[in-house]
Number of protein chains: 2
Amino acid sequence: MSTDERKEREKQEMRQLIVRTAMKLFAGDGIDNVSIRKIAEAIDYSPGSIYSYFKDKGEIIHAIHNEGFEKLFALQQSLDSIKDPRERLAKMGELYIKFAMENKDYYDLMFIAKGVAEKIQEKKEWDAGQRSYNSLRTTVAECIEKGYLKDTDIDAATFAMWGFVHGMASLIIRGRCAMMPDEVVQQILKGSLKFIYDNVGSITNNK
Amino acid sequence: MSTDERKEREKQEMRQLIVRTAMKLFAGDGIDNVSIRKIAEAIDYSPGSIYSYFKDKGEIIHAIHNEGFEKLFALQQSLDSIKDPRERLAKMGELYIKFAMENKDYYDLMFIAKGVAEKIQEKKEWDAGQRSYNSLRTTVAECIEKGYLKDTDIDAATFAMWGFVHGMASLIIRGRCAMMPDEVVQQILKGSLKFIYDNVGSITNNK
DNA sequence: TTAATTATTGAACATTGTTTAATTATTGAA
DNA sequence: TTCAATAATTAAACAATGTTCAATAATTAA
C-alpha cells in the first residue's frame with residue numbers, strides 16, 4: 001500500500017466524515033441552522049479545513065443529495081419483481097411518499113431546496129435523478145402499452161405521476177398542511193393515493 | 001383630518017412602499033439576494049428604519065405572501081361562472097399552473113419557501129389559503145356528486161388534485177426540470193394536464 | 001418658543017460563507 | 001537520524017447578513 005493510496009483513502013474518509021456529520025446535524029437542527037463552523041466544531045477541526053475537502057458548502061449538500069438518490073433508486077429497484085405495471089406504478093407511488101416522509105431532510109435536499117439544482121446542472125450530474133425518473137417512466141410506458149392508461153405522451157404521463165406524489169410530499173414537508181393535525185394529513189395522503197390509482201386505473205376495469 | 005389619521009395613513013404608505021420595493025427587488029435579483037440593507041437603500045432610508053414598520057424580514061415576506069393569495073383567489077373566482085364542475089376543475093388546474101408560471105416569485109413564497117408557513121401558523125392566518133383551498137374543494141365535491149369522479153373522501157381527492165398541479169409547478173420553479181429545454185417542459189406540462197383530466201374525467205364518459 | 005413625542009439614523013453585535021498567510025505535521029531522500 | 005520539501009491545518013480576516021439600540025433629527029401639541 002503506497003503512501004499516495006493511503007493519502008487518497010484518508011481524504012475520502014475525511015470527506016465521508018464531514019458529509020456524515022453534516023447529515024446528522026441537518027437532521028437534528030434543520031438544514032438552515034447548520035453552519036460550516038458547526039460542522040467543523042463537531043469533528044474537532046477548524047472551519048478552514050473543510051475547504052480542503054469541499055470547494056464550498058454547496059458541494060457538501062450535493063454529496064448528501066447524491067446519497068439520497070442512491071437510497072431512493074435502491075428502493076425503486078426492489079419493485080422490479082412486480083410484473084403487473086399497474087400494481088408496480090401504485091406501489092412506486094406509495095414507496096415514493098414513504099421515502100419522502102421518512103427522510104424529509106434528504107427529500108428536501110433532493111427535490112425542493114434551492115441552490116442544489118444549479119450545482120447539478122453545472123456538473124451535468126443528473127444521472128442519479130435520471131435513473132429514478134426512467135424507472136418510473138418505463139412503468140408508465142408499460143401501463144400505456146397494456147391499455148391501463150390512455151395513450152398519450154409518455155413523458156407527459158410520467159411527469160403527471162411524479163408531480164402528483166411530489167406535490168403532496170412537498171406540501172407536507174414545507175408545512176403547507178400544518179393547519180391540520182398530523183394523523184389527518186396521513187389519512188388524506190393515503191386517500192389521495194387511492195383516489196388517483198382508482199380513477200386512473202379504472203378505465204380498463206370498466207372496458 | 002386629524003394628525004393621528006394622517007400619521008396612520010403615512011405609516012401604511014411606508015409599509016406599502018417597503019413591500020412593493022421588496023417585491024420588485026425579489027423579482028429582479030431573486031429572493032435570497034435581497035437584504036434588508038438593499039431594500040433600505042432602494043427607498044433611501046437606513047436599514048434600521050425598516051424595523052419601525054416591520055418586526056422582522058419574515059413579516060415583509062408574509063405581507064407579499066398575502067398579496068399573492070389575494071391575486072390567486074381573485075383568479076379562481078373568475079371561474080365561478082362555469083357551471084360544469086368537470087370543466088371548472090380542468091380550467092382551475094390550468095389557471096393554477098398559469099399563475100405559478102407567470103408569478104414564480106409569488107408562488108415560491110406562497111407554497112414552497114421555508115419559514116413562511118411557520119409565521120402563518122403562529123398568527124393563525126391561513127384564511128387566505130383556506131379560501132383558495134375551499135374553492136377547489138367545492139369543485140371537486142361537485143364532480144364527485146355528479147359522478148364525474150369516484151366517490152371517495154372529498155379532502156383526499158382535493159389534496160390529490162392540488163398536489164398534482166403544485167407538484168409540477170414546484171418541480172419546474174425549483175429547477176428540477178432544468179435538464180430539459182423550456183419549450184419541452186411547457187409541452188409536457190400541457191400534456192400532463194390533459195393526461196390527468198382525460199383519465200380522471202373519462203370514467204363517466206365510458207359509462 | 002418650548003417641551004414632549006416620534007422618526008430616523010449610524011454604529012454595533014453576532015453569525016454567516018469563504019479566503020489566505022502563517023504554522024504545524026508529514027513525507028522522502030541523504 | 002536529519003533535513004528540506006510537501007501537505008495539512010489553523011487562526012485571523014473579509015464582506016455580507018439580520019437585528020438592536022442609544023443618539024440624533026424632525027415633528028407635534030401646548
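In this text the structure is predicted, and so the values were computed from the model without any measurement. Side chains included, hydrogens not; waters and symmetry mates left out as well; all remaining heavy atoms used. By convention in this document, chain letters (A, B, ...) are assigned in the order of the sequence lines, proteins followed by strands, and residues within each chain are numbered from 1.
Relative to the side chain of Lys11(A), the nucleotides dG17(C), dA8(D), dT19(D) differ in distance, and dA8(D) lies closest. Distance from the side chain of Ser46(B) is smallest to dT9(C) among dT9(C), dT19(C), dT10(D). With dT8(C), dA8(D), dT19(D) as the choices, the nucleotide that has an atom nearest any side-chain atom of Tyr45(B) turns out to be dT8(C). With dT9(D), dT19(D), dT16(C) as the choices, the nucleotide that has an atom nearest any side-chain atom of Ser52(A) turns out to be dT9(D). Between dC13(C), dT8(C), dA13(D), one nucleotide has an atom nearer to the side chain of Arg37(A) than all others, and that is dA13(D).
Across all strands shown, dT1(C) is found opposite dA30(D) as a Watson-Crick or G-U wobble partner, with both distances under 3.5 Å. When both distances must be under 3.5 Å, the Watson-Crick or G-U wobble mate of dA30(C) is dT1(D). Across the strands present, dT20(D) finds its partner in dA11(C); the criterion is a Watson-Crick or G-U wobble pair with both atom distances under 3.5 angstrom.
Checking the phosphate oxygens (OP1, OP2) of dT16(C), a side-chain nitrogen or oxygen of Ser35(A) falls inside 4.0 Å. Side-chain nitrogen and oxygen atoms of Ser49(A) include at least one within less than 4.0 Å of the OP1 or OP2 phosphate oxygen of dT10(D).
Under the 6.0 Å distance and 45° angle rule, Lys71(B) does not count as a cation-pi partner of Tyr106(B).
Atom NZ of Lys91(A) has 12 or fewer heavy atoms from other residues, nucleotides or ligands within 6.0 Å.
In this structure, Tyr107(B) and Phe111(B) have tilted ring planes: the angle between them lies in the 30° to 60° band.
Under the 4.0 Å criterion applied to side-chain N and carboxylate O atoms, Lys146(B) and Glu142(B) are not assigned as salt-bridge partners.
At a threshold of 4.0 angstrom between heavy atoms, the contacts of Tyr53(B) are confined to the sugar-phosphate backbone, with no base atom among them.
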